[in-house]
Amino acid sequence: MKYWIFKSEPGVFSWNDLLVSENQTTYWDGVRNYQARNFLRDEVNIGDLVFFYHSNSEPLAIIGFCKVVKAGYPDFTALDPKSEHFDPASSTENPRWYMVDIKAEHEFKSPVTLEILKQSPGLEELRLLQKGNRLSIIPVTKQEAGIIQKLGR
DNA sequence: GCCAACGTTGGC
DNA sequence: GCCAACGTTGGC
């Protein structure tokens, strides 16, 4: 089992949006970055734990965590000309972008804010905290995941 | 709203 | 294959 942070702007898709989704499950569409795509396609698996991070918002924080319930499959929004995420270079035969499905598992008692994360020993290497980081699908080590879990209790 | 950092594009 | 220009991200 692996551990991840998925970033989302709550104005686009928030933790609460996830909670009111059918089965508290959503497909994670719209990733249009190759490194993040590779993670979704090749590495994110059923049962993996996903921390749900709100970016560009108040508070900047991990709100809770999810479980991956469906591993990588083609992002169909890339094939839909009406979608904001349409990519004419992607096709059914040769999909360029991938998505996974995640299901809400637990909301933290209080959000684990960016500030808290920065102050927590053991998270110095966390990609989320590196300057200029823009990756939206971030791998997290088991040790880091344990620390984040503790912070959320 | 600003702007630094980053990824992508496209002309050469 | 280089790199300038551009668009986007995301913390502040």
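Naming convention: chains lettered A, B, ... in sequence-line order (proteins, then strands); numbering from 1 in each chain.
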| Distance, rounded to the nearest Å, where A:I5 contributes CD1 and C:dG11 contributes P | 11 Å
| task | Say whether A:D75 and A:T77, considering side chains only, have a donor N or O and an acceptor N or O under 3.5 Å apart. | result | yes
| request: Applying side-chain hydrogen bond (donor to acceptor under 3.5 Å, both in side chains), run through A:S21 and A:Q24 and close with a yes or a no. | output: CA-CA 5 Å; A:S21 299; A:Q24 301 192 335; over 6 Å; no
| Spacing of A:K131 atom NZ relative to C:dG11 atom P, expressed in whole Å | 14 Å
| query | Of the candidate nucleotides C:dG11, C:dG10, B:dG7, which contains the atom at the shortest distance from the side chain of A:K7? | reply | C:dG10
| request: Among C:dC12, B:dA5, C:dG11, find the nucleotide with the atom closest to the side chain of A:K118. | output: C:dC12
| Cut-off 3.5 Å, side chains only: do A:Y34 and A:R96 have a donor facing an acceptor? | yes
| Atom-to-atom span, CG of A:L135 to C1' of C:dT8 - whole angstrom | 14 Å
| note | Atom CG of A:L114 and atom C1' of C:dT9 are separated, to the nearest Å, by 14 Å
| task | Establish, with yes or no, whether the OP1 or OP2 oxygen of C:dG11 is under 4.0 angstrom from a side-chain nitrogen or oxygen of A:Y53. | result | yes
| remark: Walking DNA chain B from its 5' end, the first of A:R127 and A:N56 to be reached, judged by nearest nucleotide, is A:N56
| remark: Regarding the side chain of A:N33, the nearest nucleotide among B:dA5, B:dG7, C:dG11 is B:dG7
| Whole-Å distance separating the CD atom of A:Q35 from the C1' atom of B:dT8 | 14 Å
| request: Could you state the atom-to-atom distance from CD of A:E9 to P of C:dT9 in whole Å? | output: 7 Å
| remark: Between CD1 of A:I62 and P of C:dG10 the distance, given in whole Å, is 14 Å
| query | Quick one: A:R32 CZ to C:dG7 P, roughly how many Å, whole number? | reply | 19 Å
| query | Below 6.0 angstrom between ring centroids: does that apply to A:F76 and A:Y27? | reply | yes
| Selected nucleotide, minimal atom distance to A:L60 side chain, candidates C:dG11, B:dT8, B:dA5 | C:dG11
| request: Report yes or no: do A:W28 and A:D101 form a side-chain donor-acceptor pair below 3.5 Å? | output: no
